[in-house]
Amino acid sequence: YGLAATQVLDKLGLSEAVKAKLVEGQNITQAHQFVSTGNAELGFVALSQVYKDGKLGSGSAWIVPDAMYEPIRQDAVILKHGAGNPAAAALVEYLQGPEAARVIESFGYKLP
C-alpha cells in the first residue's frame, strides 16, 4: 500500500509538497488509525477500512483511479505443511467461489 501511495503522490506532482508532513504507518491498520483518530489530517488507507456495501462509512474519501498506481495483488496460498489439510483446501475453494467474490466486491475491491 505504501508503494501505491507514493506512486499516486508522484503522479499528482505532490511528493515534494507533502514531504515534510509525511508520516508512514508501520502497516495499513496503523495508517488508518492515524487518520481515524485525527492524528493525521488525511491519508491513504485500504478501501475495505472505510467502505462497505457500496457506501463510505463516514467522513470523505477519494477512490484513487487504478491507472495512478501499480495493481496491489492479494493472494492466498497453502504452505507445504498445510498441503493435504482439508480445512485449508476448503478455505481456498471458498475464496475462489461466488460468495467470497460478493464479499470482496462489497468492500469496493475488483476481482481479476
Side-chain angles (χ1 to χ4, degrees):
Y1 289 95
L3 176 60
T6 58
Q7 290 170 347
V8 172
L9 290 173
D10 288 344
K11 288 221 176 180
L12 293 172
L14 295 173
S15 295
E16 285 301 314
V18 300
K19 191 175 186 176
K21 291 186 171 190
L22 199 61
V23 176
E24 293 181 33
Q26 292 180 336
N27 54 56
I28 197 65
T29 300
Q30 188 179 45
H32 180 260
Q33 182 181 24
F34 289 158
V35 177
S36 66
T37 60
N39 288 313
E41 191 174 332
L42 57 92
F44 289 95
V45 301
L47 188 57
S48 62
Q49 292 171 311
V50 296
Y51 193 82
K52 184 160 191 247
D53 295 327
K55 296 178 187 171
L56 180 65
S58 64
S60 62
W62 173 56
I63 297 176
V64 179
D66 296 344
M68 297 189 81
Y69 61 94
E70 293 175 25
I72 300 171
R73 290 187 45 101
Q74 305 288 340
D75 294 314
V77 297
I78 297 177
L79 300 175
K80 185 176 179 179
H81 71 273
N85 180 329
L91 175 60
V92 170
E93 185 177 333
Y94 169 79
L95 291 173
Q96 295 172 333
E99 177 61 19
R102 187 194 65 72
V103 171
I104 291 166
E105 289 174 336
S106 79
F107 283 99
Y109 291 106
K110 297 176 185 170
L111 296 172

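Computed from a prediction, not measured in an experiment: that's the story for all the values here. Position 1 is the first residue of the sequence, and the numbers go up from there.
Annotation: salt bridge (Lys or Arg N to Asp or Glu O under 4.0 Å) contacts involving residues 44-70, sequence neighbours excluded, comprise D66-K110. For residues 73-100, the pairs satisfying salt bridge (Lys or Arg N to Asp or Glu O under 4.0 Å) are R73-D75, E99-R102, with sequence neighbours left out. Screening residues 26-37 for salt bridge (Lys or Arg N to Asp or Glu O under 4.0 Å), with sequence neighbours left out, gives no hits. The salt bridge (Lys or Arg N to Asp or Glu O under 4.0 Å) pairs that include a residue from residues 16-26 number zero, where partners must be two or more places apart or lie in different chains.
In terms of the side-chain contact (heavy atoms from CB on, under 4.5 Å) criterion, residue partners of Y51 (sequence neighbours excluded) are, by chain and number, L47, I63. Residues satisfying the side chain to side chain donor-acceptor pair (under 3.5 Å) criterion with S36, sequence neighbours excluded, are absent altogether. Contacts of L91 classified as side-chain contact (heavy atoms from CB on, under 4.5 Å), with partners at least two apart in sequence or in another chain: L95. Partners of D10 according to the side-chain contact (heavy atoms from CB on, under 4.5 Å) rule, which considers only residues two or more places apart in sequence or in another chain, are S15. With sequence neighbours left out, the side-chain contact (heavy atoms from CB on, under 4.5 Å) criterion links V92 to I78, Q96. Considering only residues two or more places apart in sequence or on other chains, S60 meets the side chain to side chain donor-acceptor pair (under 3.5 Å) condition with none of them. For Y94, there are no side chain to side chain donor-acceptor pair (under 3.5 Å) partners two or more places apart in sequence or in a different chain.
For the pair W62/V8, a side-chain contact is recorded, criterion being any heavy-atom separation below 4.5 Å from C-beta on. Within the 4.5 Å cutoff, the side chain of L42 has no heavy atoms near those of the V35 side chain. Side-chain contact between L12 and M68 is present, with at least one heavy-atom pair separated by less than 4.5 Å.
L111 and Y69 fall within a single hydrophobic cluster, where Ile, Leu, Val, Met, Phe, Trp and Tyr side chains are chained together by heavy-atom contacts under 4.5 Å.
Atom-to-atom distance recorded for H32:NE2 and Q49:CD is 5.0 Å, nearest 0.5 angstrom.
For the pairing with Y1, the side-chain contact (heavy atoms from CB on, under 4.5 Å) check across T6, V45, N27, I28 returns one residue only, I28.
In the hydrophobic clustering, where aliphatic and aromatic side chains (Ile, Leu, Val, Met, Phe, Trp, Tyr) are joined below 4.5 Å either directly or transitively, F34 groups with V23.
Contact detail for F44 and A31: the closest heavy-atom pair is O-CB, 3.9 Å.
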